[in-house]
Number of protein chains: 2
Amino acid sequence: MKIENPNPMQWRFAERAEQLQSSFIREILKITQQPEIISFAGGLPSPATFPVDEMKIAFDKVLTNSGKVALQYGPTDGYLPLRQWIADSLSANGVKIVPEQVLMTSGSQQALDLLGKVLIDEGSRVLVETPSYLGALQAFSVYRPEFVSVDTDEHGLVPESLDKVAQGARLLYALPNFQNPTGRTLSLERRHQLVETCARLGLPLIEDDPYGALSYKGAPLPKMVAMNPDGVIYMGSFSKVLTPGIRLGYVVAPLPLVRRLELAKQAADLHTSQLTQMVVHEVIKDGFLDRHIPQIRTLYGDQCQCMLEAMAQHFPASVSWTKPEGGMFIWVTLPKHINAMALLDEAIAAKVAFVPGSPFYANEPETNTLRLSFVTVSPERIRTGIEILGKLIAAKI
Amino acid sequence: MKIENPNPMQWRFAERAEQLQSSFIREILKITQQPEIISFAGGLPSPATFPVDEMKIAFDKVLTNSGKVALQYGPTDGYLPLRQWIADSLSANGVKIVPEQVLMTSGSQQALDLLGKVLIDEGSRVLVETPSYLGALQAFSVYRPEFVSVDTDEHGLVPESLDKVAQGARLLYALPNFQNPTGRTLSLERRHQLVETCARLGLPLIEDDPYGALSYKGAPLPKMVAMNPDGVIYMGSFSKVLTPGIRLGYVVAPLPLVRRLELAKQAADLHTSQLTQMVVHEVIKDGFLDRHIPQIRTLYGDQCQCMLEAMAQHFPASVSWTKPEGGMFIWVTLPKHINAMALLDEAIAAKVAFVPGSPFYANEPETNTLRLSFVTVSPERIRTGIEILGKLIAAKI
């Protein structure tokens, strides 16, 4: 009963759909998933850290005690006890975050999409770090902003550089802790400066913090949202401290904004899985993360140290790199004349993979940069892979 | 360490954020959740049908056998065995749907958002039924289309009425089986006509089918996607046949479109929970739905029949209503002079709730219409509630 159709469909897409590009990283990941490749390209947390047993027990418990509620439609803003837990965890130094400010999202990627949807018109100026998180550039791109790259150095974003570009901008997006892709941390002094500058300029500041808990050395620096909860939008995630596959994140925003975000979420997917939210609350409510996160820190910290030592041994002297104090990434700067994209082809032929730095730049890319992740690779393979990479780089100098 | 901020933030939202309105239904639901109110307002499936034990066993099995995979990031398009199952279930009459055409979404609401994002520019003409599903109007509204209401009668959408409005339109959105809000079904003859007309006009046809399996009388009518898989976009959901709280739906589209939708989904939330997809596949792969769905049909069918009988007994002769052969809703048309919004105030005072029809119209509303749902109310309370409603209506005639 299929009809005969004389006119093949001519698809006409929305203009914004022309902006859509697949993440370069996800494309690389497809190539590098063969087990013989030593891949430093991933942005995935290590499955060795996933608390499978705790999740299994919690699913059983929630379904047994509250199955009919957990499996029914739920409120758009999210499961209140979990939102309360998040609000409490962010309330510090006399600043109180209330659960009404917390919107649960389907991973923190969705928070980026909702923020773009609610804050960005076509041509809006959007300020980002140099380089910035690729997933944020992708999410915002759909809404067709004009990206402005803000100066960034080894201490993170440079607050003084904001005045000259902030006029009329809609938001500043920053990732202050162990940034993706650079691994850099915004210094405490700069946090204060940045929050004050944004408040003075009336510029909404997005503090994206997926890696904040993964500090290898002492306590993390204070969060900017606690310095000015009326002007800072905080994004968090359970992907790096629990598991990413369940897709659970959150955004904490001043009330006028969070209400708009909630309406945008209602239109986008009604709400995030009730069951998932109840299970995560069940797992974490009695202090599980306080015991669990130190194990992740130790694992990642040891592998980071291993990679840094191997780089010191095998990389030529004209190569420089960041020394992250947490998170998942090291950022490498090669001599100017070496193109990391060309290097990748050679590396893959030699069974090693990484992510070239160019896609992380909103504007002019520095083609001699690349990102390395150490979290899913054993120390032995880290040493082997870095040695191979060092030889390939040395051959170009 | 909170900063003193002399300038309270002046929020500037994107123009599209001005379109955002809370679903009127969700607002009514907040009022009507008190247990003493007999609510026909819900659009929620009955929790009595949720297969809690089967879900619990499946979560345990998937986490035991594949925990590290289920909890890791997954592919944007979804879990392949589930996409294969969906493709197979839609392949009929010699038409083959392939898994590459299937994109898993976070509920079918997300499919609506992604379709709007990829197909609608500001001012694009979007054709919808009269009345149409409120959630679709909300999702599309974000992208600021010009809605065109297409003529609809008791057999559903009128295909002949398309020619005069289709010129330059971006899509036609239709809900052919037991439509929300009217409960109407598009006749077989009209399905063929509609598919042929859309193909001739080059107009993408969205076939939204959340209730298709919930047929009370015999086999459901053939799906339009099987009549022209090159021009019809099919949307399905596990919310009404399994459980809604897990947020799992899908869209099946021709390859050029599904690729765009996948890119839009990657930017919107990376992917839908791997764990949820693997669990749903585990539950359904051996024919569970073939045993489970008849139970839902019986429960809903009996309650629908009960409501129809009570309406025949208690509603004045000048009131008319649809006689659905499946799904969750009955649509009531009052005498012209009765405003359903005003009636709702009186009904809530008398402890009965429903949804007025106006929000379901993209353009001029018929204010004398309302929607009743029978699925979560016991027969006894259905009879009581309909009797109260009948008296309130009679008093206005």
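Computed from a prediction, not measured in an experiment: that's the story for all the values here. Chain identifiers are assigned alphabetically (A, B, ...) following the order of the sequence lines, protein sequences preceding nucleic acid strands; residue numbering begins at 1 within each chain.
Heavy atoms closer than 4.5 Å to chain A are found in both the backbone and the side chain of B:V195. The parts of A:T76 that come within reach of chain B are both its backbone and its side chain, each placing non-hydrogen atoms under 4.5 angstrom from that chain. Proximity to chain A is limited to the backbone of B:A48, based on heavy atoms less than 4.5 angstrom apart. Heavy atoms of B:S124 lying under 4.5 Å from chain A are absent altogether. In this structure, the portions of A:A268 lying under 4.5 Å from any heavy atom of chain B include both its backbone and its side chain. With a 4.5 Å cut-off on non-hydrogen atoms, B:A139 touches chain A through its backbone and its side chain both. In this structure, the portion of B:R170 lying under 4.5 Å from any heavy atom of chain A is its side chain and not its backbone. Using a 4.5 Å cut-off between heavy atoms, B:S108 does not touch chain A at all. With a threshold of 4.5 angstrom between heavy atoms, B:L203 approaches chain A through N, CA, C or O but not through any side-chain atom. Residue B:L20 touches chain A through both its backbone and its side chain, counting heavy-atom pairs closer than 4.5 Å. For B:E262, no part sits under 4.5 Å from any heavy atom of chain A, backbone or side chain. Only the side chain of B:V142 comes within contact range of chain A, judged by heavy atoms closer than 4.5 Å.
Between the side chains of A:T64 and B:K56, at least one donor N or O sits under 3.5 Å from an acceptor N or O. Donor-acceptor pairing under 3.5 Å is lacking for the side chains of B:Q274 and B:Q72.
Evaluated for a side-chain contact (heavy atoms from CB on, under 4.5 Å) with A:L172, the options A:T197, A:L194, A:V126 yield exactly one hit, A:L194.
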